[in-house]
Trainee: 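Got a structure for you, questions after.
Note that this is a predicted model, so its numbers are computed, not measured. Counting starts at 1 for both ligands and their atoms, in listed order. Only heavy atoms go into these numbers, but all of them, side chains included; no hydrogens, no water, no symmetry mates.
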Amino acid sequence: MKDIKTEIARIIAEQAGLAEEEALALIEIPPESSKGDYAFPCFRLAKVLRKAPPLIAADIAEKIRGNALFEKVENVNAYVNMFIDKAYFAMNTLEDVVARGDLFGRQDIGGGKTVIVEYSSPNIAKPFHIGHIRSTVIGNAIYKLYDAIGYKVVRINHLGDYGTQFGKMITAYRRWGNEEEVKKEPIKTLLSYYVRFHQEAENDPSLDQEARETFAKLEHGEEEEVRIWKWFREESLKEFTRVYDMLGITFDSYNGESFYSDKMPAVIQELRDKGLLQESQGAQIVDLSQWNMSPALITKSDGTSLYITRDIAAAIYRKKTYDFYKCIYVVASQQNLHFQQWFKVLDLMGYEWSKDCIHVNFGLVSLEDGTMSTRNGRVVFLEDVLNRAVEKTAEIVREKGVNTESIEETSKTVGIGAVIFQELSNSRIKDYVFNWDNVLNFDGETGPYVQYTHARAASVLKNAGFSGSFDVASMDLSYISGGSAYELIKEIYRFPEVIADAAEKYEPSVLTRHIVDIAQAFNKFYHDEHILVENEQEKQAKLLLTYAAKQTIKNGLELLGMKAPDKM
Ligand code: ARG
């Protein structure tokens, strides 16, 4: 697909004796469509050409008018106003959709450079709760977006599989635990031990002491502690994997915090050598007061390492291992300070690439009946939410008498898709309240609505006995060069640039909103026009557009991590 703006820049540059780049920077999109699809202001050229801007505009308009790209070129004062030939525009866009199919929208901006996307990263032996859905789903979409614009992406699940809480967990397990019970329902059981630990530790401070010692043993590699910890990790991963399977999400690496335990002494030594460490009440810190931040706590007084130390070690390891162009961390905004602190520490260590570490943060999700916390055990498991979404969808699907071969399959695709879509609908930084009616509303700006639109387009093609291919170049696209058909083509044309924009902003919602726009534009076209008309040429043109809309929606949903069912 030719980029129209670049094409115009090329034509104008040739005629006005400008560099293409310069011309490109000057082209505007007029605020009113009566002034054309694109406009070129000539003020800047006046000096160079020693001519009044309106004369230059008249001159350029005259020269480019004959190009097939334009339906009409006008000069109004200092402006050249250009109206794109609609059949040309339709041809340019739809030919590309047909030629590229599932690849439509993909582009090579990244040139194969490596980007790390770290996301999901739940904590072992703790619930994979609804709060984690955001990092998981947003991170997966960011991975797919970067993959689509030509980067090589490494997906890392930085599991929270290390730290003092494991001292507590092991202590609790030894005191009150039971192996069989854990095996049956690992996370819920381990969580109950953890909750009990906190309750009992309020009256019994020796518990905390024991937990600290246990963690120190784990960190020093004591066999028994390591064995229990490994087992907790495996059991937890099994549960997490169930959820990842439901969401269709995979990772290239599960190297979590524990992976860096043996890499930390070298990092601590490096911090010391670079004169960054200070002692404070037995602990080792990096003072960040100059940057108005609390100190970064590198080791505790008992010598054990901390979350932040592991993040520093992980970043250095990743730079060495992957030589990343960017390392993207999809983590809640509650951790803003944490990230600012350790990015600063990397900077102070002299790593200029610390600027390539990017914290992609997001707001809180809560349920209508309040938020959740691990300590008091009132949590909502993500798996339960997904299962509920599937059940509720099955009810709706049955009620509606939806056209499908398998209600079970459709309910999964639509129910889970609905949760993903909802998650990616709002700007990520916004807090939001999870509400079932919004998520599953088939008529709102929702996943089910978009999937339903896709299925509708599929059924139009099926009813027309669509053969699976179009010879676009030989088709007459004047039938779809106006009204709502043309509005739909404009949305489809924008798809690749929306993908690039969403990736650059780390903001999947930019794409989500665009998919809704395409779906709405298709539905308007569907209502305004008869598609299966007598006139064969006209019918083919309209089917082509139906096909392109369907393909674009499908590709968009795929980038969000969703499926596009043909029947619904
Ligand atoms: N495990 C942490 C949590 O659940 C998130 C980890 C975020 N990633 C990082 N590199 N610190 O809150």
Side-chain angles (χ1 to χ4, degrees), residues 115-140 142-143 154-166 168-169 187 190-191 194 215 229 232-233 236-237 239-240 243-244 249 251-261 263-264 267 296-298 305-319 321-322 324 326-346 351 353-354 356-366 371-375 379-383 428 506:
V115 164
I116 292 178
V117 184
E118 186 211 281
Y119 58 108
S120 198
S121 311
N123 299 322
I124 295 296
K126 293 237 192 112
F128 194 4
H129 58 72
I130 177 155
H132 287 118
I133 194 178
R134 306 218 68 188
S135 173
T136 307
V137 167
I138 296 171
N140 188 52
I142 290 179
Y143 141 62
V154 180
R155 301 161 295 174
I156 299 183
N157 192 333
H158 189 73
L159 291 174
D161 58 1
Y162 217 63
T164 40
Q165 72 270 28
F166 288 95
K168 293 178 186 172
M169 213 94 66
I187 294 183
L190 290 172
L191 175 66
Y194 190 66
F215 177 60
W229 164 81
F232 286 175
R233 187 181 192 274
S236 307
L237 255 183
E239 279 206 42
F240 297 158
V243 176
Y244 293 137
I249 288 180
F251 297 90
D252 300 303
S253 162
Y254 286 88
N255 285 343
E257 294 185 41
S258 69
F259 179 77
Y260 302 99
S261 65
K263 297 166 186 62
M264 278 180 304
V267 171
L297 194 51
I298 302 295
S305 67
L306 284 127
Y307 182 48
I308 200 165
T309 326
R310 294 189 279 276
D311 262 325
I312 296 167
I316 295 172
Y317 172 86
R318 289 176 189 174
K319 184 66 193 175
T321 309
Y322 303 104
F324 57 75
K326 271 180 193 170
C327 185
I328 297 167
Y329 297 83
V330 186
V331 181
S333 51
Q334 285 151 309
Q335 298 195 27
N336 283 355
L337 175 62
H338 168 75
F339 277 91
Q340 283 157 11
Q341 284 176 314
W342 74 261
F343 287 174
K344 191 74 216 168
V345 173
L346 277 183
Y351 291 123
W353 51 263
S354 66
D356 305 324
C357 293
I358 291 142
H359 179 201
V360 171
N361 55 5
F362 52 81
L364 277 180
V365 55
S366 55
T371 37
M372 60 235 87
S373 120
T374 320
R375 292 235 171 145
V379 297
V380 180
F381 285 75
L382 179 50
E383 188 172 9
R428 59 182 156 77
Y506 313 106

Trainee: If we only count N/O pairs under 3.5 Å, is Asn123 in contact with ligand 1?
Mentor: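 There is such a contact, yes.
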Trainee: Within the 4.0 Å heavy-atom shell around Glu118, which atoms of ligand 1 are there?
Mentor: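 Listed by number with element: 7 (C), 8 (N), 9 (C), 10 (N).
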Trainee: Look at atom 5 (C) of ligand 1 and say which protein heavy atom is nearest, naming residue and atom and giving the distance to 0.1 Å.
Mentor: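 So the nearest neighbour among protein heavy atoms is Ser121 O, 3.6 Å.
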Trainee: Sequence neighbours excluded, which residues qualify as salt bridge (Lys or Arg N to Asp or Glu O under 4.0 Å) partners of Asp311?
Mentor: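 Counting only residues at least two positions away or on another chain, Asp311 forms no salt bridge (Lys or Arg N to Asp or Glu O under 4.0 Å).
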Trainee: How close does the nearest protein non-hydrogen atom get to atom 6 (C) of ligand 1, and which residue and atom is it?
Mentor: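 Closest protein heavy atom to atom 6 (C) of ligand 1: Tyr307 OH, 3.3 Å.
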Trainee: Check ligand 1 against Val331 and write out every atom of the ligand that is under 4.0 Å from a heavy-atom position of the residue.
Mentor: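 Counting atoms of ligand 1 from 1, those under 4.0 Å from Val331 are 7 (C), 8 (N).
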Trainee: Output yes when a side-chain donor or acceptor of Ser121 lies under 3.5 Å from a complementary backbone atom of Leu159, and no otherwise.
Mentor: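 No, Ser121 side chain to Leu159 backbone: no donor-acceptor pair under 3.5 Å.
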Trainee: Is Asp311 in polar range of ligand 1, meaning some N or O pair under 3.5 Å apart?
Mentor: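 Looking only at distances, the answer is yes, because the N/O contact criterion of under 3.5 Å is met.
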Trainee: Residues two or more places apart in sequence or in another chain: which of them pass salt bridge (Lys or Arg N to Asp or Glu O under 4.0 Å) with Lys319?
Mentor: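 Per chain and number, Lys319 pairs via salt bridge (Lys or Arg N to Asp or Glu O under 4.0 Å) with Asp323.
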Trainee: Which of the atoms in ligand 1, numbered in the order shown and given with their element, are less than 4.0 Å from a heavy-atom of His132?
Mentor: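 By the 4.0 Å cutoff, the relevant atoms are 4 (O).
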Trainee: Does at least one non-hydrogen atom of Gln335 fall below 4.0 angstrom from an atom of ligand 1?
Mentor: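 For ligand 1, residue contact (heavy atoms, under 4.0 Å) with Gln335 is present.
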Trainee: For the backbone of Ile187 and the side chain of Glu239, can you confirm whether one donor and one acceptor N or O come within less than 3.5 Å of each other?
Mentor: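 Present.
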Trainee: Of the non-hydrogen atoms in Val117 and Gly139, which two are nearest, and what is the gap between them?
Mentor: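 Looking at all heavy atoms of both residues, the shortest contact is CG1-O, 3.8 Å.
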Trainee: Is there a donor-acceptor pair under 3.5 Å between the side chain of Ser135 and the backbone N or O of Val330?
Mentor: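 Yes; at least one donor-acceptor contact below 3.5 Å.
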